Protein chains: 2
Amino acid sequence: MKKSTSTQDYLKHIYELSEGGEPASTNDLARVLKVKPASVTGMVQKLANEKPALVEYQKHQGATLTPVGKKAALEVLRHHRLLETWLVQTLGYSWAEVHEEAEKLEHVISEDFERRIAAALGNPTRDPHGELIPTPDLKMPQDDSASLSSLRSGQSATILRVNEDPNLLRHLDELGLIPGIRLMVTGYSPLDNNLTIKVEKKSFVLGLNITTKIFVEVEK
Amino acid sequence: MKKSTSTQDYLKHIYELSEGGEPASTNDLARVLKVKPASVTGMVQKLANEKPALVEYQKHQGATLTPVGKKAALEVLRHHRLLETWLVQTLGYSWAEVHEEAEKLEHVISEDFERRIAAALGNPTRDPHGELIPTPDLKMPQDDSASLSSLRSGQSATILRVNEDPNLLRHLDELGLIPGIRLMVTGYSPLDNNLTIKVEKKSFVLGLNITTKIFVEVEK
DNA sequence: GTCAAAATTTAGGTAAGACTAAATTATTTT
DNA sequence: AAAATAATTTAGTCTTACCTAAATTTTGAC
Ligand SMILES: [Mn+2]
Ligand SMILES: [Mn+2]
Ligand SMILES: [Mn+2]
Ligand SMILES: [Mn+2]
């Protein structure tokens, strides 16, 4: 029942690509997995014919996960996000550096290792990017964050998560807008949806392009 | 140039089996690698035909490492031993539990990861079992330890390493005879080569079967 | 609704690295 | 020195997961 590295990566990426409701297309999977579309077709057909089936697949309609496949995907995702958190906390990796390392380690660590790092980290619920970490019984917790773009003047909030786009990440890192930081909205421009936000003593004006990609917990 | 997990394990075990001077035999490799002898023949032939060659191989004569193969073997061994040290130090693994975990991780960590854990541990020279860790430039350090069996009454020493035999390990663990412990020889029996040793306030009499498998640094 | 472009699938191959069964070579025993 | 036993190698398969090239299906522009 132990799944290959390849299978685990397929399941993880099918999970991520189909989170929005749409099945993951052959082409999109090929892109994120860095293999040819023809290879993806072969692999999803195989995963759909396993017993029990890991994916639901109809020709030309893309792939979604069965409950069994989803468990397996969340297992890998839990490993990945715990590992990223742990590499950052204990080995001084930067936010940006951890991904590749976790991408390889996620497939080889034992359940014991998983429990040990989770415990050592105090059973965190989010990774360094702010992504939710699946629970030990492999459920994805409900995301209670709100988009920064939905806030208005006077509201305060703490950053939980930012989109993983590397360019955005670097930009926000320079501004100090990273998970854990507290901010306050001091202005809103209805015409262009710009928000003025204040962090510590500094203020920035941010466009919709940015504010929709920052997720926060609003103070009541 | 990046070597497969399989190749890395072959090289590591050829290194270990041929440390005594004799080439590693097909059968012995099959045993430690948990693979059939026929598979070993195929693989060592392949490794001998790589350019540059990783092993020296003559039909029926077993395999030894070329300088290139030896570097690669020491690389894996360094990873393995650093990982074991680190898992014990930072995640509370016991002495006995680490091996399997390190066996898988050794093949996937980056050089950056290696440097980070080495630095975090203070660049250790021995792993938790007391085995020497290859240096960053992949040389095996000179082993300056002496067998406990060579000591005589009045000499004091610190345990550096014990043989990895699981039964012996458990026994010595109960007696508190583990790397780092200081002991003194208080008696020697020429007829059976038994040694009486004192650790803290306790004394034990140990036979040659045990004393030849404990390695120490003698105090001058 | 037709038709070209884009996406997807099929068919046929390759490379690693394992296995089994049979053949060969080496080592012991007598 | 021959026979028996043990170790090793060869030959032929299998599985996994990739690839390319060609065929097909779907979609979007007119
Ligand atoms: Mn991965
Ligand atoms: Mn797990
Ligand atoms: Mn290994
Ligand atoms: Mn290394």
Side-chain angles (χ1 to χ4, degrees), chain A residues 1-14 17-18 20 22-65 69 72-73 76 103-104 106-108, chain B residues 1-14 17-18 20 22-65 69 72-73 76 103-104 106-108:
Chain A
M1 286 295 102
K2 181 67 190 315
K3 285 155 194 87
S4 70
T5 292
S6 218
T7 294
Q8 291 184 11
D9 276 337
Y10 271 87
L11 295 176
K12 188 178 67 170
H13 283 115
I14 292 170
L17 288 173
S18 60
E22 295 302 293
S25 77
T26 302
N27 247 12
D28 286 352
L29 279 169
R31 184 175 37 76
V32 298
L33 289 163
K34 298 182 172 57
V35 300
K36 301 300 170 193
S39 304
V40 173
T41 300
M43 190 65 165
V44 295
Q45 285 174 344
K46 204 192 87 183
L47 297 176
N49 290 327
E50 306 244 308
K51 301 190 319 184
L54 300 171
V55 319
E56 193 83 47
Y57 173 68
Q58 305 268 69
K59 267 189 193 182
H60 299 100
Q61 303 308 128
T64 56
L65 296 175
V76 186
E103 198 61 46
K104 292 177 295 171
E106 63 188 1
H107 309 292
V108 305
Chain B
M1 285 292 102
K2 181 66 190 316
K3 285 152 194 88
S4 70
T5 292
S6 218
T7 294
Q8 290 184 10
D9 277 337
Y10 270 87
L11 295 176
K12 188 178 67 171
H13 283 115
I14 292 169
L17 287 173
S18 60
E22 295 302 294
S25 77
T26 302
N27 247 12
D28 287 352
L29 279 168
R31 183 175 39 75
V32 297
L33 290 164
K34 297 180 169 61
V35 127
K36 303 296 171 200
S39 304
V40 173
T41 300
M43 190 65 164
V44 296
Q45 284 173 346
K46 204 192 88 182
L47 297 176
N49 289 327
E50 306 244 309
K51 301 191 317 187
L54 300 171
V55 319
E56 195 83 48
Y57 173 69
Q58 304 269 68
K59 266 190 193 183
H60 298 101
Q61 304 308 129
T64 56
L65 296 175
V76 186
E103 197 61 46
K104 292 177 297 171
E106 63 189 0
H107 309 292
V108 304

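Proteins get letters first, then strands, A, B, ... in listed order; numbering begins at 1 in each. If you're wondering where the values come from, they're calculated on a predicted model, not measured in any experiment.
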Peer 1: Reckon A:Ser25 has a side-chain N or O less than 4.0 Å from the OP1 or OP2 of C:dA7?
Peer 2: no
Peer 1: Rounded to the Å, how far apart are B:Gln8 CD and C:dA16 P?
Peer 2: 16 Å
Peer 1: Starting at the 5' end of DNA chain D and moving along, which residue's nearest nucleotide shows up first, B:His60 or A:Ser39?
Peer 2: B:His60
Peer 1: Strictly below 4.0 Å, heavy-atom distances to any atom of DNA chain D: list the hits from residues 29-36 of chain B, or just say none.
Peer 2: none
Peer 1: How many angstroms lie between OG1 in A:Thr5 and CD in A:Glu103, if you round to the nearest 0.5 Å?
Peer 2: 10.0 Å
Peer 1: Report yes if at least one side-chain N or O of B:Lys59 is closer than 4.0 Å to OP1 or OP2 of D:dA7; otherwise report no.
Peer 2: no
Peer 1: Please pick, from D:dT8, C:dA18, C:dT8, the nucleotide with the shortest atom-to-atom distance to any side-chain atom of A:Pro37.
Peer 2: C:dT8
Peer 1: When rounded to the nearest 0.5 angstrom, what distance separates NE2 in B:His60 from OG in B:Ser25?
Peer 2: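 Atom-to-atom, B:His60:NE2 and B:Ser25:OG are 12.0 Å apart.
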Peer 1: Between atom CD in A:Gln61 and atom C1' in C:dA7, what is the gap in whole Å?
Peer 2: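 Distance check: A:Gln61 CD to C:dA7 C1' gives 12 Å.
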Peer 1: Rounded to the nearest Å, what distance is computed from the NZ atom of residue B:Lys2 to the P atom of nucleotide C:dA16?
Peer 2: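 Distance, rounded to whole Å: 16 Å.
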Peer 1: Atom CG of B:Asp9 to atom P of C:dA16: distance rounded to whole Å?
Peer 2: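 Rounded to the whole Å, the gap is 18 Å.
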Peer 1: Using a heavy-atom distance cut-off of less than 4.0 Å, which residues of residues 45-56 of chain A contact DNA chain C?
Peer 2: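 Of all residues in residues 45-56 of chain A, the ones placing a heavy atom under 4.0 Å from DNA chain C are A:Gln45.
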Peer 1: Output the distance between atom NZ (A:Lys36) and atom CG (A:Asn27), rounded to the nearest 0.5 Å.
Peer 2: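 Result: 11.0 Å between the selected atoms.
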Peer 1: Do A:Leu11 and A:Val55 pass the side chain to side chain contact (heavy atoms under 4.5 Å, CB included) test, and can you show the C-alpha distance, the side-chain angles, and the key distance before you say yes or no?
Peer 2: CA-CA 8 Å; A:Leu11 295 176; A:Val55 319; 3.9 Å; yes
Peer 1: Drop me the distance from B:His107's NE2 to A:Lys104's NZ, to the nearest 0.5 angstrom.
Peer 2: 12.5 Å
Peer 1: In whole angstroms, how far is the P atom of D:dT25 from the CD atom of A:Gln58?
Peer 2: 16 Å
Peer 1: For B:Glu50, is the CD atom crowded, meaning more than 12 foreign heavy atoms sit under 6.0 Å from it?
Peer 2: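 Yes, because the 6.0 Å sphere around CD of B:Glu50 holds more than 12 heavy atoms from other groups.
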Peer 1: Quick one: CD on B:Gln8 to NE2 on B:His13, what's the gap to the nearest 0.5 Å?
Peer 2: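 Between atom CD of B:Gln8 and atom NE2 of B:His13 there are 12.5 Å.
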Peer 1: Check the distance between D:dA7's P and B:Asn27's CG and give it to me in whole angstrom.
Peer 2: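 Atom CG in B:Asn27 sits about 5 Å away from atom P in D:dA7.
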Peer 1: Could you tell me the separation between the OH atom of A:Tyr10 and the P atom of D:dA17, rounded to a whole number of Å?
Peer 2: 9 Å
Peer 1: Is a side-chain N or O of B:Lys3 found less than 3.5 angstrom from the main chain of B:Met1, in a donor-acceptor match?
Peer 2: yes
Peer 1: Do the side-chain N or O atoms of B:Ser4 get closer than 4.0 angstrom to the phosphate oxygens (OP1, OP2) of C:dG17?
Peer 2: yes
Peer 1: How many angstroms lie between CD1 in B:Ile14 and CG in B:Asp28, if you round to the nearest 0.5 Å?
Peer 2: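 Rounded to the nearest 0.5 Å, the CD1-CG separation comes to 11.5 Å.
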Peer 1: Which part of the nucleic acid does A:Thr41 contact within heavy-atom distance under 4.0 Å: base, sugar-phosphate only, or nothing?
Peer 2: base
